[in-house]
Structures are given as structure tokens and as C-alpha cells.
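Notes follow once the structure below has been shown.
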There are 2 protein chains.
Amino acid sequence: MTKPKQVTIVEVAEAAGVSIATVSNVLNRGGIRSSKETIRKVELAAEQLGYRRNTMAAGLSRNKTFEIGLIIPALTSYYGTLAEHLQIEAHNAGYHLSVFSSGGFDPEIERRHLEVLLQRRVDGLICHGLAMGFETTRSIVNSGTPLVMINGWNWPADIATGAVNLGFAGACRDSVKVLAERGCEAICYIGSKRAKVIDEQRLLGFHAGMTQFGSGIKHEIVDAMGLDVESYLNGLMQRHAQPIGIVAFDDHVALRVLSAANKLHIDIPNRLKLIGINNEYIAKESYPGISSWDIPYQDQALMAISKLLHKFADKADSGEDREIEVPLTFIERQTTKF
Amino acid sequence: MTKPKQVTIVEVAEAAGVSIATVSNVLNRGGIRSSKETIRKVELAAEQLGYRRNTMAAGLSRNKTFEIGLIIPALTSYYGTLAEHLQIEAHNAGYHLSVFSSGGFDPEIERRHLEVLLQRRVDGLICHGLAMGFETTRSIVNSGTPLVMINGWNWPADIATGAVNLGFAGACRDSVKVLAERGCEAICYIGSKRAKVIDEQRLLGFHAGMTQFGSGIKHEIVDAMGLDVESYLNGLMQRHAQPIGIVAFDDHVALRVLSAANKLHIDIPNRLKLIGINNEYIAKESYPGISSWDIPYQDQALMAISKLLHKFADKADSGEDREIEVPLTFIERQTTKF
DNA sequence: CTGTTAGCGCCTTCAG
DNA sequence: CTGAAGGCGCTAACAG
């Protein structure tokens, strides 16, 4: 099937009895103003012929695409929701967001998508904490395309224009605080190493919390992957005095813990207290409800887009706020109530 | 920040001491073959200068973009996962998938994204059961761009090249069968009207199941939105003899039911049996585990992409299989076990 | 094999 | 306010 030829500006011009330049003018507003009459003629012709502007041609000639590329590890839960918000904010700013998933932190896929996006000459890039590492990233994004990171800590300024990060560390620190205040005798963090940097931040916060609020309280750290939650919980209950507190990597992990506890008839929250992260619907809809940290999606999205626009406008880097931290909000439910 | 000028084919040609046509040839293979020496020179030059092909220019000149647009209602759960699989299959076929969310069946956003995609001159389109309706869709997609539907039933051939649909109806029919066989005295479907066509199909199957397997069994239908599950369950238990069976719209809804049942200490599966759809991790990780229907993501993705490629190749429509139905697989867990 | 030469569809000075 | 003309970067015949 040969692609049927689409109607072009030329045909519209003929139909309207004006030059192509005039058509271009009225169809892209903002520019030079034309006589009412001309505008009417052109718009009518365009309408009737079913004219649709060719983005490639436009982009080519004006060296600007109004497209922003987004690379995230997946299209589910937190990532998917974030992408939706970014898409909305991008739209509000007159841009258009193309979303790509790197299939769970796969550096090779990341690279591929980045390459494609750069070949498309997107105006800007938003990436979620790349798995690729600084050097590789730098060698690819040396083109001067602005890049803002989502949840990317300590990226050199020559690679990333900036970053807007969630306060995972703070959330985990405060989770420890809550659990300590509620009288937990031991506190455990169930992480997820394959989430890389995201996990590191949580761990950082967890340790900070233990140092700050956990004097005299035992703690341990395990990874969710391949963990037999049931027997782990059993062990915990035997090894430590109760109640025991658990900080889960996210609500998914929290659900696993909750289910195991229910199965073992462990009294929640009296003998076991649990906190998740992300505040997904499962936290709200499970029984008992899981205390969790809510994510300010819109803020994060808005800030990321703003940073990009800022850069497009060639504003001088405002120095200090290259790396923005957005705090999460604690939503308390039954798993931590007294 | 003015976009820094990128290196073009011309500069590579100069550096390599050949013509631009030659550069184009060696850099895009497949075409004409060149001498080893030339290839080396060109590739070296391109490498050193950091040349990156400009997709817009290429697309413009060859009237083919190798891009496929995807519009789905959201970027989470089923939709997000499907998108990931589609992205992979598209890649395997040498295409590139741009994903857009219509923010939960919003016809206006659908329209906007469609328009953008068409302006980009994508080679093909994949849409998840558009909320727009036939007429509106037809008026937009009259450009001859192939469109295949995902979960779109009865779309006219002049709009959609084809469709690959999940067997929701069959799954719901068989859910009824399972529940009836397990001795349920009453069976209830908790739907989700806002999911439109997806809900309709389930309902269709539910009714078929009741007719076929449910003689003498009571049944009722409610909508999940705004439903107070707890009191609904209470009412159910009073109105009907037990056990009672519930077919939930999806695993999310099923989780709500499960939690309410747990809270009310309703014995699952002896007094209440429950089946979800999608087989998400919550079905597997909740307690008790929720019986659910697994989705053949890869098959569906592969078929959708194949249909498009088929169309690109200008193959005659193979008539019969315009609308493909992909069956789901029942995964039985504790909520329906005896 | 390699180079020349037209476009692809649109935007943008610059004259009229 | 409108039209003519020269690109944007690349590909696709054709010649050589």
C-alpha cells in the first residue's frame, strides 16, 4: 500500500488563490497578520481539502520540533502515572511528549531509545534515573539537547540541565521515626536492588532514620527479590521482641508482606507495623489499609517540564536549584495505627 | 538556547572526501554497495564527527517514517503492560512506537493525539477501543493511514484495517461456569461502566454464561464506581443462599471485594467465591490469592503489529480474520478452590 | 561504484 | 499585506 499523497500547502494555496507563503502565515498564526478575507479563504480551502500540516517538513525548516522525549523504566504503577502527568503538562506548554519504556532499567534499550529520540531532534529529554551511567550518557547526549532527570541524583551539569527528585530518603527516614514512636522493637527495610538508585536513596534515608530515631532498636535489611516473605516474617517474630516495624520498598512489596502476615495470623498493627511507598490504590484497598507515602505527581511533572522550558528560553542556569527535591506525604492507615 | 547545529551528511561527505550521495548510501546500507575503502572512510568520518541521521529529513524525502502511533486509555496496569509489549514487537519489526495516553477514555484527548500522530505522518496507528465513535474517527482517519484496533469490536472496514480483541466475553462466560460448578447459589457481576466497550463485552459473556450454565441460579449486576462493597456484600449474604460467586471487572475490583470480605470475616472460598480478570500481581500476591484470567500480552502485541506490517506490504485483506479474538487463560487460586 | 541533480513540504527573509 | 525564492537534511533516480 503506497502511502496516499496527502494534501500540501501548495494545493491549499491554489484552491484559495493565494501564495503558499500566505497560507503558511495564516495557518500558523502569531506571525504576520493577514486580511480577514484572506484568512477566511485560506482556512476554508484548508478545511475542505482536509489539509494537515506535515510536522517533519515544519520541523526541518524551523529547526524546532516541539517534541519532548521521555524514557522511563516501565509503563506501570508510579512510572506510568508520572508519564501521564508529564504528558499533560507538556501539552499545556505547547509541547508533545513521546513516551518510551526501557523495559526495566535495561541500559541497552535506554541507549536505543535515546538514539532514536535524538535522531528525531526532540527539543528536550526527560529521563528517569538512567541505568547507563554518566560516561555513556555523556557520549550520547553531547548534542546539546537539554536533559532533565527524574529521580537522578548527582548528575554532572554538563550532562543534565537539572533534576527533580522525590524525597524518598526523607520518607524512609520518617518511616523509621513513625515506627520508632509507635514502639517498634526492631525495624526492617525490605528493598529492591534492581531498582538501583531508587533503592539506594531509600536505604540512605533508612539508615539516617535509624541513626536519628532508632537508638537501641535493632534493624536489618533484606531484598524483596526471591524473598520468602512468610518464613522471613516467622523468623523475625522469633528473633526479635515485638512489635516489629517494616519499611517496604513500595506498596507492591508491602502487599506481599501484608498477605503473608494475614496468612500467619500475625496481629497488625499490634505485633507488626507496615509502611509502603507510592500510595497506590492497593495501599488504600487492601485490608487492613497500608500506610504509605503519597507522591506529588503533578508537582514533579510540572517542575520537570518547567526546567526544560526554562532551558529552551536560554535563561541562565539559576545555579542553586538545579536539583529539586519534592517531598512525599505520609498517609496513615491501619497498618501503623495503634 | 539556540539549538546547536548538528553535523549533517554534507560535513561527513567533505571529511570523507566523497559525495553526499555516497554517504547516504553507505550509512543506510541495503541500497547500493560501495567499495570497502569508501565505506571505511565514510564510517570513520561519521563516527568522528558524531553524525546522527535527521529522521525528519529522511522521512520527508522517502515518504515513510517507520513510526507507529499508539493511543491507549492509560499508562497503567493492563494498558501499560500491553504498550511495553507492543513497543518490543514494533522494534523487532524495525519500527518505532510512540505511546500516548488518552487520560481514561477522553474523546477530546484521543482526537488531539490522533491529530498529532497524523501530522507526524506515522506509517500506522494502533488504538485501544476509541471512545470517539465511528463517525468522528472516520472523519479524522480518512488519510489512508492503516489503523488496527485493540479491543475494538465491529469497527467498519473502511476505518480499521482490523482488530485484535481479548476474549473477555468468553472469560466471563466461563467464570460463571466455574462458579456454577463450584455450587454457587447466586452469581454477581461487578462491572465498570466507564470502561465502555470493555465492560460491555464482559457483560455479554456474563449473560451468556448465566443462560448456558446458570439455570436456577440467581444473578445480579452492579457497577464498581462508588459502590460500598462492604454493605453490598452484607446485603448479598442476607438476600441469597450461599455460597455466592462474584465475577469482578478486574483484579483491582476483585481486591476491593476481597478486602471487604476479609474485614467482614466472610469465609473465602466457602461462603464467597471470587474471580478477577487480568491476572495482575495483586491477584497473585493478595491473601487469599485471587483466581483470575491471564492475558496473552505477547500474542496480542505480535498480532497487532503483524496486521499493520501486512497492510504496509499491501497484501490483499485476507478477508476472514480481520477481527481476531485472543482467549484468556484461567489461573485458579484460593478464592475459588473448594 | 560514485557523483549530480531534483525534489519532499514547509518556513522565512526580503522585495513589492 | 502578499508573493517570490532560497534553504532545512536527506533520498532517489540517473548519469558518468
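Chain letters run A, B, ... following the sequence lines, proteins first, then strands; residues in each count from 1. Here the structure is a predicted model, which is why all the values come from computation and not from measurement.
- Qualifying side-chain hydrogen bond (donor to acceptor under 3.5 Å, both in side chains) partners for E89(A), counting only residues two or more places apart in sequence or in other chains: none.
- Listed here is the closest heavy atom pair of D123(A) and F66(A): OD2-N, 2.5 Å.
- Taking atom NZ of K36(B) as the reference point, atom P of dT2(C) lies 12 Å away to the nearest angstrom.
- The aromatic rings of H96(B) and F100(A) lie parallel to each other, with less than 30° between the two planes, well short of the 60° mark.
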Original post:
Nucleotide by nucleotide, 5' to 3', does protein get under 4.0 Å of the base (B), only the sugar-phosphate (S), or neither (-) in nucleotides 4-11 of chain C, counting heavy atoms?
Top reply: B--BBBBB
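- Every residue two or more places apart in sequence or in another chain was checked for a side-chain hydrogen bond (donor to acceptor under 3.5 Å, both in side chains) with Q119(B), and none qualifies.
- Distance, E11(B) CD to dC8(D) P: 11 Å, rounded to whole Å.
- Taking 4.0 Å as the cut-off between side-chain N and carboxylate O, R111(A) and E108(A) count as a salt-bridged pair.
- A salt bridge between R121(A) and E67(A) is absent, with no side-chain N of the basic residue lying under 4.0 Å from a carboxylate O of the acidic one.
- Listed by first and then second residue, the ring pair (Phe, Tyr, Trp, His ring centres under 6.0 Å) pairs that reach into residues 36-57 of chain B come to none, sequence neighbours excluded.
- The side-chain hydrogen bond (donor to acceptor under 3.5 Å, both in side chains) test applied to S35(B) returns T38(B), not counting sequence neighbours.
- Across all strands, V23(B) comes closer than 4.0 Å to no nucleic acid atom at all (heavy-atom distances).
- Inter-axis angle, ends of the helix from dC1(C)-dG16(D) to dG16(C)-dC1(D), five pairs per end, rounded to 10 degrees: 40°.
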